[in-house]
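Presented below is the structure to which this report refers.
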Amino acid sequence: MIIVISGPSGVGKSTVVSRLLETMEGIDRSISVTTRKLRGDESDGVEYFFTSREDFVKIRDEGKLLEWAEVHGNLYGTSEEFVDGRLGEGRSVLLEIDVQGGMKVKARKPESMLIFIMPPSFEELEERLRGRETDDDEVIRQRLANANRELGYSSKYDYRVVNGDLDECVGEIRDIITSGSGVGR
Ligand code: 5GP
């Protein structure tokens with residue numbers, strides 16, 4: 001089964017996804033292709049397959065991506081070969097992707113399970129984003145506008161789970177995945 005997890009920046013998606021993968025059997029995280037530059041401790045082939053814009057466009061135009069989107073000025077895409085490979089081995093694949101990508105997966109693979117992580121409130125999300133002292137006001141303003149836009153898509157997802165308490169959020173998503181697919185049972 002394909003499991004899509006989306007949610008606005010600052011909602012704690014990566015932490016939730018790491019916890020799910022640590023505690024559930026039979027699920028692999030899809031490693032996306034991106035034109036974004038590597039950050040500090042990232043390595044090619046671990047967080048992403050890092051590539052040039054030219055190569056990204058080439059593989060996209062060859063139809064090798066299940067979905068792709070431009071997020072904050074960089075291109076991101078899911079390799080169809082990667083996903084099909086894991087599904088072929090009888091494993092589930094978890095895609096942590098933005099809402100544009102989520103909608104494309106839903107259109108192409110309607111049997112996928114789409115889960116949206118919600119902040120307890122918009123004010124709480126704003127506080128979390130402002131708490132990241134590395135970002136200046138303009139970046140935060142853009143992230144909040146983007147978060148608002150992403151939240152508008154939440155109703156199109158199969159499930160919405162609030163991340164107020166991390167353990168509860170992870171537990172709820174684990175239950176949704178287990179009851180929907182038998183994965184991790
Ligand atoms: P970051 O650069 O911070 O790792 O990710 C930025 C955004 O891109 C996040 O919202 C993440 O979910 C999204 N993203 C990562 N990989 C993909 C992908 O393969 N497809 C799409 N559509 N979005 C992605």
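Both ligands and their constituent atoms are indexed starting at 1 by order of listing. We're numbering straight along the sequence, starting at 1. Scope of the values below: all heavy atoms of this structure, side chains included, with no hydrogens, waters or symmetry mates.
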So, Tyr76 versus Tyr48, ring centres under 6.0 angstrom or not?
yes
How about [X] and [Y]: do any of their side-chain heavy atoms sit closer than 4.5 Å?
X: Glu42; Y: Arg36; result: yes
X: Glu80; Y: Arg108; result: yes
X: Val4; Y: Ile115; result: no

Applying ring pair (Phe, Tyr, Trp, His ring centres under 6.0 Å) as the test, list every pair that has at least one member in residues 11-39; sequence neighbours left out.
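Non-adjacent pairs meeting ring pair (Phe, Tyr, Trp, His ring centres under 6.0 Å): zero.
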With a 4.0 Å cut-off on N to O distance, would you call Glu138 and Arg141 a salt bridge?
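Counted as a salt bridge, because a side-chain N and a carboxylate O are separated by less than 4.0 Å.
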Mind checking what residues have non-hydrogen atoms under 4.0 angstrom from ligand 1?
Lys13, Ser32, Arg36, Arg39, Tyr48, Glu67, Ala69, Val71, Tyr76, Gly77, Thr78, Glu96, Ile97, Asp98, Gly101
